[in-house]
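Below: one structure, written as structure tokens.
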Amino acid sequence: MRTGHRKPHETDGGDSKTARGFRALGIHKIWLFAACGIFLIPHFSFADSGAQPPIPDMPLGEAIGQVLAIPGDAEYGAYLASECVTCHQQHSANHAIPLINGLPREYFVEAMLEYKYRLRDNSVMQAIMGSLGMEELSALATYFSTKD
Amino acid sequence: MSSVTRRTFNKLLGAGASAMAMPGLLRAQERKNVVIVGGGAGGATVARHLAEKAGGAINITLIEDSEKYTTCFFSNLYLGGYRDFASITHGYDRLVNDYGIRKITARAEEIDRTAQTVRTSTGETIPYDRLVLSPGIDLIFDSVPGYSKELAEIAPHAWQAGPQTQLLKSKIDGLKNGDQVVMVAPPNPYRCPPGPYERVSMIAHTLKSRGLNDCTIVVLDPKEKFSKQGLFTAGWEKYYPGMVEWYGPNIHGGIKGVDVEAGTVETDFDTFSGALLNIIPAQRAGSIAISAGLSDDSGFCPVDAETMRSKRDENIFVIGDASIAGAMPKSGSAANSQAKVVVMHLMGDLSDARVFPARYLNTCWSLVETNDGIKVGAQYANVDGAIASTSSFISQPDESADIRKQTFEESVAWYDGITKDMFG
Ligand SMILES: Cc1cc2nc3c(=O)[nH]c(=O)nc-3n(C[C@H](O)[C@H](O)[C@H](O)COP(=O)(O)OP(=O)(O)OC[C@H]3O[C@@H](n4cnc5c(N)ncnc54)[C@H](O)[C@@H]3O)c2cc1C
């Protein structure tokens with residue numbers, strides 16, 4: 001288990017609940033993923049703003065397989081996606097933020113996990129994926145794969 | 001099984017792909033009424049997304065004072081000369097014509113929580129089953145002694161976008177070389193934590209591009225520290241050397257008051273004169289939320305972390321700047337995210353739609369100089385009854401120029417996206 005030591009970054013105005021929130025999210029995940037025993041975050045060190053959950057121990061390939069094996073709940077995906085579409089607008093003419101409607105499920109899951117594993121380097125997306133569990137990712141992938 | 005809350009799902013229509021839009025579940029005579037007060041970042045988003053989900057099965061009334069909405073977001077870029085005023089001003093035509101939303105251009109004057117009605121300045125009384133309040137902020141003008149709503153016509157705050165923003169721009173454009181600008185920054189909590197400092201950057205940019213290098217911008221801040229401080233101060237030193245002076249309370253000793261006619265701000269330490277004063281006073285929730293009895297001593301409205309429901313009234317949701325949203329800042333991005341949670345719960349309350357655990361997010365982009373954008377943001381969830389951050393990020397001081405340019409381009413795409421998300 002990585003302990004998630006990160007360089008203390010500049011702070012951003014006293015976000016004191018963050019550490020607590022992060023720990024609690026770990027506990028939530030333990031519960032959520034107890035069945036498959038992955039993405040376990042029992043504790044980690046936290047350095048104010050600019051903090052992300054540790055990269056999961058599980059190899060990326062295995063994580064992709066596990067997410068794809070979860071049946072995607074498209075209704076849950078529709079709610080979660082409503083947060084994504086603020087930036088990822090279907091008709092946006094500006095491609096600094098890509099369109100994601102219609103992306104194949106497999107591709108979507110792989111790309112999002114690459115953010116979670118910080119192999120892709122957009123910090124907004126890394127933070128979003130850092131907080132999303134496998135079930136959520138599966139739901140989103142199913143939802144977006146059916147949109148055109 | 002999933003972690004989500006499941007309601008008994010009435011499959012009258014079958015579990016089709018369009019299960020989120022289920023007009024068939026509500027018969028015409030049972031149509032429920034949702035009233036939204038405030039057509040800004042929070043309210044317009046609720047209106048549009050609810051209309052999309054409800055597919056005509058819910059009557060949606062949007063009560064907004066203005067004909068058009070000028071975004072505070074990117075208003076600093078307007079001051080910097082990067083945007084024109086029209087490009088940050090949006091109408092409600094598509095919400096009305098394409099989404100079937102009833103827009104009343106009036107002030108909501110009184111909420112009767114027992115009768116569940118809202119009375120407007122045009123004399124209408126509108127009934128609601130659920131009410132959403134996203135009225136933004138009111139400025140507490142006298143939090144800076146000597147300042148007032150009337151004097152804002154001379155020393156603009158420009159913290160509510162519109163004519164105030166245009167006034168500030170015209171005053172900036174009228175400055176001459178050697179002139180000083182004095183900004184009084186607001187105390188916490190206030191809308192847009194990085195906003196005053198992005199504004200300083202944009203004013204400096206404008207002055208520098210006009211060759212007015214002997215101008216100075218003095219910031220008198222009631223706070224010891226501010227959002228993205230290291231990134232802003234590094235940017236000021238790099239691009240605007242000698243032009244920006246920031247003083248926290250341990251230097252100025254306290255802001256005593258302003259004399260707008262004389263153009264001075266008095267502090268414990270000294271009196272500062274400016275050819276232009278930009279006074280940003282303390283803030284509280286929009287008055288309609290306060291007069292409805294939904295606020296606490298802080299002047300903002302406590303809400304349930306999972307639903308954004310008012311802690312004072314379960315039929316009312318309060319979002320955006322007016323709410324106390326735990327660790328989330330008061331931003332357009334945050335208000336838009338909270339709106340999605342509210343739409344889910346409106347559908348859950350008024351139809352048989354399922355509800356899921358709330359997820360919130362925020363990103364605040366700021367421009368320091370052309371193609372040098374910085375960002376800070378986080379994900380949030382309900383943790384033990386409070387909205388707390390679950391992961392976060394901030395631009396790094398040693399980033400490449402390419403990343404800063406990319407960040408700026410992202411912010412432009414975000415603006416494009418959020419305004420479409422609000423107004424269709
Ligand atoms: C200079 C500046 C820069 C900013 N930059 C950013 C940024 O880059 N990114 C970001 O995310 N946020 C930014 N913000 C913050 C953002 O503008 C606000 O947080 C956001 O607008 C809050 O949304 P809201 O729905 O709570 O309120 P608002 O967007 O202010 O909407 C409230 C609306 O309600 C209406 N209203 C109020 N009371 C009544 C009533 N009684 N009856 C009828 N109508 C009423 C008002 O007319 C207004 O249109 C910035 C703010 C400023 C000042």
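Residue numbering restarts at 1 for every chain, and letters A, B, ... go by the order of the sequence lines.
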(Q) At a 4.5 Å cut-off on heavy atoms, which part of B:K375 comes close to chain A: side chain, backbone, both, or neither? (A) side chain
Q) What are the two closest heavy atoms between A:C87 and B:W414, and how far apart are they? A) SG-CD1, 3.4 Å
(Q) For the OG1 atom of A:T86 and the CD1 atom of B:I418, what is their distance to the nearest 0.5 Å? (A) 6.0 Å
Q. Which atom names give the shortest non-hydrogen contact between B:A358 and A:Y79, and what distance separates them?
A. CA-OH, 3.7 Å
Q: Run the numbers on A:D73 and B:R354 for side chain to side chain contact (heavy atoms under 4.5 Å, CB included), then give the verdict.
A: CA-CA 11 Å; A:D73 179 341; B:R354 291 158 64 201; 2.5 Å; yes
Q. Is A:E83 paired with B:K340 through a side-chain N to carboxylate O contact shorter than 4.0 Å?
A. no
Q. Around atom NZ of A:K147, are there more than 12 heavy atoms of other residues, nucleotides or ligands at under 6.0 Å?
A. no
Q. Is chain B contacted by the side chain of A:N122, its backbone, both, or neither, given a heavy-atom distance below 4.5 Å?
A. side chain
Q | B:S391 side chain vs A:Q52 backbone, donor-acceptor pair below 3.5 Å | A | no
Q.
Looking at chain A, which one of B:P329, B:A339, B:S337, B:G377 has the largest number of heavy-atom pairs inside 4.5 Å, strictly under?
A. B:S337
**Q.** Interchain contact, B:T363 with chain A, by part (heavy-atom threshold 4.5 Å)
**A.** side chain
Q.
Set out, in order, the CA-CA distance, both residues' side-chain angles and the distance that settles side chain to side chain contact (heavy atoms under 4.5 Å, CB included) for A:L132 and B:R359, then state yes or no.
A. CA-CA 9 Å; A:L132 273 198; B:R359 301 239 165 207; 3.5 Å; yes
Q) Can you tell me how far CG of B:D421 sits from SG of A:C84, rounded to the nearest 0.5 angstrom? A) 11.0 Å
**Q.** Proximal component of B:V341, with respect to chain A [non-hydrogen, under 4.5 Å]
**A.** both
Q: Would you confirm whether A:S131, through its side chain, and B:Q379, through its main-chain N or O, come within 3.5 Å as a donor-acceptor pair?
A: no
(Q) Rounded to the nearest 0.5 Å, what separates atom OG1 in B:T419 from atom CD in A:Q89? (A) 8.0 Å
**Q.** Heavy-atom pair with the smallest gap, counting every atom of A:I97 and B:E410
**A.** CD1-O, 3.6 Å
